Student: 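Supplied in structure tokens, the structure appears directly below.
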Amino acid sequence: MGRKGLMACLCLFGLIAADPARAQDIVSETGADYATDNRGWNGLSTFVALCRGLGLEVVSTSAFNWKEIEDGDVLVLFYPTGSIPGSEIATFVRDGGHLVIADDFGTAGKLLARLGILRRPADVAAGAPHYAALPYAPIARATGDHPLAHGIDHLVTNHPAALAGGGTSVFALPGDQGVVIAADFGRGRVVAISDPSMVINRMLELSDNLQFAINLVRYLTTADTHRVVIASGDFVVYGWPEPHRIADPAERFADRANAALYGTGDYLLTGAGAKWAAVFGAAILSVAVLWVLPLVRRPVASENFTRIARRKAAAPVDENGRPRLDLAAAIVRDSVNQSLATVVGVADPLAQLSDRALITAVLRALPEAEPALAEILPLLRKVLPRGHSTHITATAVSQREFDRLTSGAAAFHRSLKEHV
């Protein structure tokens, strides 16, 4: 007998302590844990009888082919110990199947994660309510109005795990530790139970646990339901579930594509995982920003602005028809000033920095551009910004000065192109 059998054995001794005369009869009937034909305290014969009493056929299997699963079948997995085909079971539910997973310490963790439910060890404080003061039998209370909790105040558990995640928590231990979670998944329904012992024969002698088993079967039963298929322990599954519940071929194809994509994420993100994901994402974003920032800080101005001065037919003129070199020079000045701002990181550097400070800043940031800047800096100081250029006479900037300014500005911008 494994760990689960030992735990259930402790439960047996506690529950029958008040009636020792029955102990020998019960123990003599004991068979395999969660066996449907086991009439002992650790079997499922009462649950099977309940299903049959509700008009359902019960099929117990240790190996089944998905081709044998019919429309409306309810699949019930008790304490699986072997490998579980998570993708296939998730597809079965997504296509409209109904599933019960009753597992505390078995191998259903990854399957639960595929269905959006996280399982972890429960943390039950010593002062929490327990059945008959038994330390291994904490009581789970109903958390709200749900069909699974109809007519029930609490459930008695036996060393349960704790569930969280998607769906509705129907019964929980103190601290919002789910014991029963009901969830819609695609077109189907899932009920996750963190303690399969809640529906063994001995536990169904408790009225609330028995009512829960009845509610469970009714909740998952539809007009097409005729069978309950039960598998436990190390069962085997063959084939792949056909999406026969989807009539439209296009929808069937889309469902298969979604299943393939969904299968790439065989995990459920926890709180700690979310923090690490945030750190990882922030690191990637920081690297991206550091890579892009130099491109943003050093845009290369085009030399095309100088052509307006060299094409005199297109240059601005005053009222006498003479070229307005002051305005064209202001355009050149402002263009160089804008590029300087991105290089040294100071807004309007020609107005904010002295010649010495500006040359020092350019040498530090982009020394290749310093010679061209030093050549035209006196001319840049002479020319006022564009907003003030209308107050300068046409003789404020000579043709010779303007030619020097434009050729020097072109050299300055070429140095940006070559070294950015």
Side-chain angles (χ1 to χ4, degrees), residues 44 46-47 49-51 53-56 72-78 90 93-94 96-104 108 111-120 122-125 127-132 137-200 203-225 228 268 271:
L44 296 175
T46 302
F47 181 75
L50 184 153
C51 293
L54 294 175
L56 302 173
D73 282 354
V74 177
L75 182 59
V76 184
L77 308 180
F78 280 100
V93 181
R94 189 169 43 249
H98 288 179
L99 172 69
V100 177
I101 310 174
D103 186 26
D104 46 9
L111 171 59
L112 289 169
R114 278 187 176 274
L115 301 171
I117 300 171
L118 176 67
R119 184 185 67 182
R120 59 180 176 80
D123 182 14
V124 183
H130 288 70
Y131 177 79
I139 290 176
R141 299 287 182 182
T143 59
D145 185 16
H146 191 277
L148 288 171
H150 179 71
I152 305 174
D153 177 66
H154 66 271
L155 295 176
V156 177
T157 68
N158 171 30
H159 287 284
L163 303 176
T168 301
S169 178
V170 184
F171 292 93
L173 300 171
D176 296 326
Q177 302 178 93
V179 169
V180 177
I181 286 183
D184 292 331
F185 186 78
R187 298 174 178 82
R189 281 181 172 178
V190 178
V191 176
I193 303 173
S194 72
D195 174 24
S197 296
M198 288 196 302
V199 293
I200 61 174
M203 299 286 268
L204 289 187
E205 293 183 11
L206 303 172
S207 60
D208 281 350
N209 284 43
L210 177 62
Q211 184 62 53
F212 169 72
I214 295 172
N215 293 349
L216 177 65
V217 176
R218 286 176 173 170
Y219 177 69
L220 296 176
T221 299
T222 67
D224 295 329
T225 303
V228 176
L268 182 67

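Sequential numbering from 1 along the given sequence is applied to the chain's residues. All of these numbers come straight from a predicted model, not from anything done at the bench.
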Student: To the nearest 0.5 Å, how far apart are CD1 in Ile117 and CZ in Phe185?
Tutor: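 That separation rounds to 9.5 Å.
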
Student: Specify the closest pair of heavy atoms between Met198 and Val156, including all atoms of both residues, with the distance to one decimal.
Tutor: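 Closest pair (atom of Met198, atom of Val156, distance): CG-O, 3.5 Å.
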
Student: Could you tell me which non-hydrogen atom of Ala102 sits nearest to which non-hydrogen atom of Pro196, and how far apart they are?
Tutor: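 Smallest heavy-atom distance, with atoms named: O-CB, 3.5 Å.
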
Student: Minimum heavy-atom separation for Cys51 and Val228, please, with both atom names.
Tutor: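 So the two residues come closest at SG-CG2, 4.3 Å.
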
Student: Are any of the side-chain heavy atoms of Leu112 and Leu118 separated by less than 4.5 Å?
Tutor: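 A side-chain contact under 4.5 Å is absent here.
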
Student: Would you be so kind as to tabulate the donor-acceptor pairs closer than 3.5 Å made by side chains of residues 171-182, with sequence neighbours excluded?
Tutor:
| unit_1 | atom_1 | unit_2 | atom_2 | d |
| --- | --- | --- | --- | --- |
| Gln177 | OE1 | Asp123 | N | 2.8 |
| Gln177 | NE2 | Asp123 | O | 2.8 |
| Gln177 | NE2 | Pro174 | O | 2.9 |

Student: Which heavy-atom pair separates Leu115 from Leu99 by the least distance, and what is that distance?
Tutor: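 Minimum heavy-atom contact is CD1-CD2, 3.9 Å.
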
Student: For the residue pair Asp208 and Leu155, what are the closest heavy atoms and their distance?
Tutor: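 Here Asp208 and Leu155 meet closest at O-CD2, 3.7 Å.
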
Student: Please list, chain by chain and in numerical order, all residues satisfying salt bridge (Lys or Arg N to Asp or Glu O under 4.0 Å) with Asp153, sequence neighbours excluded.
Tutor: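 Listed in chain order: Arg141.
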
Student: Any side-chain heavy atom of Val191 within less than 4.5 Å of one from Leu220?
Tutor: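 Touching, per the 4.5 Å side-chain cut-off.
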
Student: Drop me the distance from Asp73's CG to His98's NE2, to the nearest 0.5 angstrom.
Tutor: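 Atom-to-atom, Asp73:CG and His98:NE2 are 11.5 Å apart.
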
Student: Tell me if the aromatic rings of His146 and Tyr219 count as close, with their centers under 6.0 Å from one another.
Tutor: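 Ring-ring flag for His146/Tyr219: true, centres closer than 6.0 Å.
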
Student: Which pair of non-hydrogen atoms, one from Ala161 and one from Ala122, has the smallest distance, and what is that distance?
Tutor: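 Where Ala161 meets Ala122 most closely, the heavy atoms are C-CB, 3.8 Å.
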
Student: Which residue pairs satisfy the salt bridge (charged side-chain N to carboxylate O under 4.0 Å, His left out) criterion with at least one member in residues 155-167, sequence neighbours excluded?
Tutor: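 Counting only pairs at least two positions apart or across chains, no salt bridge (charged side-chain N to carboxylate O under 4.0 Å, His left out) contact touches residues 155-167.
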
Student: If I take atom CG from residue Asp104 and atom CG from residue Asn158, how far apart are they, to the nearest 0.5 angstrom?
Tutor: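 With rounding to 0.5 Å, CG (Asp104) is 8.0 Å from CG (Asn158).
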
Student: Just verifying a value: how many Å separate Leu56 CG and Arg218 CZ, rounded to the nearest 0.5 Å?
Tutor: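 Here the interatomic distance stands at 11.0 Å.
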
Student: Do Thr225 and Val74 make a side-chain contact, defined as non-hydrogen atoms from C-beta onward lying under 4.5 Å apart?
Tutor: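 Of all side-chain heavy-atom pairs linking Val74 with Thr225, at least one is under 4.5 Å.
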
Student: Going from CZ on Arg120 to CG on Leu163, what distance comes out if it is rounded to the nearest 0.5 angstrom?
Tutor: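 CG of Leu163 is found 9.0 Å from CZ of Arg120.
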
Student: Please check if the side chain of Asp195 supplies one atom and the backbone of Thr157 the other of a donor-acceptor pair under 3.5 Å.
Tutor: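 The answer is no, because no donor-acceptor pair under 3.5 Å joins these two groups.
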
Student: For the atom pair OG1 (Thr221) and CG (Leu54), what is the distance rounded to the nearest 0.5 Å?
Tutor: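 Thr221 OG1 to Leu54 CG: 7.0 Å, rounded to 0.5 Å.
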
Student: Would you check if Val199 and Ile193 make a side-chain contact, meaning some heavy-atom pair closer than 4.5 Å?
Tutor: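 With C-beta onward as the side chain, the pair stays apart.
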
